[in-house]
Visitor: 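This is the structure I have questions about; it appears just below.
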There are 2 protein chains.
Amino acid sequence: MYANANVIEPTTTSCRELPWVEFQSNQQRVHVYSAREALFCEGDSAQFVYEVLDGVVCCYSLLSDGRRQVLSFSYPGDLIGLVQGDSHRYNCDTLCPTQIRCIPRNMLLRTAHERPEVGEKLLTFATTELAAMQDHFVSIGRKSAQEKVASFLLTLAHRHAIEPTGSVTLRLPMTRADIADYLGITIETVSRCLSKLKIAGVIDLPQSATVVIRDVDNLRDFAERD
Amino acid sequence: MYANANVIEPTTTSCRELPWVEFQSNQQRVHVYSAREALFCEGDSAQFVYEVLDGVVCCYSLLSDGRRQVLSFSYPGDLIGLVQGDSHRYNCDTLCPTQIRCIPRNMLLRTAHERPEVGEKLLTFATTELAAMQDHFVSIGRKSAQEKVASFLLTLAHRHAIEPTGSVTLRLPMTRADIADYLGITIETVSRCLSKLKIAGVIDLPQSATVVIRDVDNLRDFAERD
DNA sequence: CGTGAGGTTGATCGCTTTCAACGGAGGTGG
DNA sequence: CCACCTCCGTTGAAAGCGATCAACCTCACG
């Protein structure tokens, strides 16, 4: 999908250590998914933990009446499905063509038991995830729509460039609906906020899935004050 | 900050919860706090991990203009401050008189390295915390004010009675402002929603800090369908 | 009994949602 | 190759929910 685009790609900036754990076992497999395929659904038995090798996936919860809350977007190096209990509590879909390593959960936990450094890695992952969710809580709970959208773009920018300055080009593998359900607003509001940032000269939108951040510092102001 | 707090000898044990880890070391201490004291603040060096033995504490983030997002309420048995990195990323206050066990973080991590079952306990705690936060995301992001308040009461009820049925009495150690900042709404809205539940006969409010859930099933309807 | 913090309730405002129309990009089939 | 279709995104207008502003109440405490 973004293979031939001239933009920053998630895999090229991997400062993360891949893969998570080196196994001799042949129990783990790498699966290839196309866009908008389900990795697992709420209620599915949590036999595997999934590591994103390439592409992007999206975890989300559904209410009975169809309302959706996107919980996270996971990029290469991220781990998904490390749950407590035996079944998944949310759904997980790919957003674009994606490579996933499936690691049997009991094998991972057994390895963690035998090799302290693996357990530490898992704990590090979990606490890092917690910190990211805490930041997102502030966005969802206490920021205006405009601030939410600006913060979202900044978070993505930080993911792909450790210290973003000046101009940064981002590719958005997710739709406006995904962003809206992540930020707790509607697609129309996402669109309006992006337009406002464009009119303000803070970003550019050459295509709907490509955002050029023209001024990171200016965007930062929008993320916490406008 | 807690240096001049009243220190109880490590031999003192809580009647409510087993301690997370039994140490021979005298490095860990139990501290007693009164209501509305700070355990730590954003930016403080994260030297300790804290276990609530008795009482309730509240973790929160602040935006530069004073807006606040409460991240969690922690009850006896809960662990606080298990962060990645060397400094705390949020603030933590007691809500009422509280006993806290302070565990040196490097000691806890060293123990986890040496004893797999301790590492597993930490990981279990982190993944349980993640699951709770995911549920809360749905509340904050996609529920109406009325649903948020009803969900909040249900979550508290589940905390204190595994399978709440019929009538449940809850004591709220947090103020309306704490609840509002937890749910991403205002104190006036919290108050109005509670009043609506009272008028509907779902709850009773003998005092402002005491909620009697008269019909848990009915409350459950309010929590996801208004 | 005065005081102040926390809580409730009412009235109004404004941001976001909802409803609706339109535009553009990509895919398909004639 | 082009007409057509559908999905996604954008923009406008109106409606509604929760925020804001304000008054009053309740209770603990000195």
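Here is the naming used below: chain letters follow the sequence lines, and residue numbers restart at 1 for every chain.
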Visitor: How would you label the contact of Thr175(B) with the nucleic acid (heavy atoms, under 4.0 Å): base, sugar-phosphate, or nothing?
Guide: sugar-phosphate

Visitor: Taking atom C1' of dA5(C) as reference, at what distance in whole Å does atom CG of Asp178(B) sit?
Guide: 13 Å

Visitor: Rounded to the nearest angstrom, tell me the gap between atom CD1 in Ile187(A) and atom P in dT18(C).
Guide: 11 Å

Visitor: What contact category does Glu188(A) fall into here, base, sugar-phosphate, or nothing, at under 4.0 angstrom with non-hydrogen atoms?
Guide: base

Visitor: Could you tell me how far apart Leu95(B) (CG) and dG6(C) (P) are, to the nearest whole angstrom?
Guide: 12 Å

Visitor: Could you list where the contact with chain A starts and ends along DNA chain D, reading 5' to 3', using a 4.0 Å heavy-atom cut-off?
Guide: dG9(D) to dA13(D)

Visitor: Does either side chain, that of Ser64(B) or that of Glu224(A), offer a donor lying less than 3.5 Å from an acceptor on the other one?
Guide: yes

Visitor: Would you say the ring centers of His136(A) and Tyr182(A) fall short of 6.0 Å from each other?
Guide: yes

Visitor: Do Ser191(B) and Glu188(B) have side-chain atoms, one donor and one acceptor, less than 3.5 Å apart?
Guide: no

Visitor: Checking side-chain contact (heavy atoms from CB on, under 4.5 Å) for the pair Gln69(B)/Tyr60(B): CA distance, chi angles, key distance, verdict?
Guide: CA-CA 5 Å; Gln69(B) 177 64 47; Tyr60(B) 60 93; over 6 Å; no

Visitor: Figure out the CZ/C1' separation between Arg192(A) and dC19(C), and round it to whole Å.
Guide: 11 Å

Visitor: Rounded to the nearest Å, what distance is computed from the CD1 atom of residue Ile199(B) to the C1' atom of nucleotide dG10(C)?
Guide: 13 Å

Visitor: Heavy atoms, side chains only, cut-off 4.5 Å: are Asp178(A) and Phe73(A) in contact?
Guide: yes

Visitor: Have a look at Leu194(B) and say if it touches a base, only the backbone sugar-phosphate, or nothing, with a 4.0 Å heavy-atom cut-off.
Guide: nothing

Visitor: Check whether the ring centres of Phe137(A) and Phe137(B) lie less than 6.0 Å apart, and answer yes or no.
Guide: yes

Visitor: Salt bridge or not for Arg105(B) and Asp86(B), using N-O below 4.0 Å?
Guide: yes

Visitor: Please report the distance, rounded to the nearest Å, between NZ in Lys148(A) and C1' in dT16(C).
Guide: 9 Å

Visitor: Using a distance-only test with no angle check, is there a side-chain donor-acceptor pair under 3.5 angstrom linking Gln207(A) and Arg171(A)?
Guide: yes

Visitor: Using atom CZ of Arg142(B) as one end and atom C1' of dT16(C) as the other, report the distance to the nearest whole Å.
Guide: 11 Å

Visitor: With side-chain contact (heavy atoms from CB on, under 4.5 Å) as the criterion, how do Thr210(A) and Leu205(A) come out once you've worked through the C-alpha distance, each side chain's angles and the decisive distance to 0.1 Å?
Guide: CA-CA 6 Å; Thr210(A) 305; Leu205(A) 287 165; over 6 Å; no

Visitor: Let me test you: for the helix from dC1(C)-dG30(D) to dG30(C)-dC1(D), what is the angle between the axes at its two ends (five pairs each), rounded to 10 degrees?
Guide: 30°

Visitor: Rounded to whole Å, how long is the line connecting atom CZ of Arg67(A) with atom C1' of dT16(C)?
Guide: 16 Å

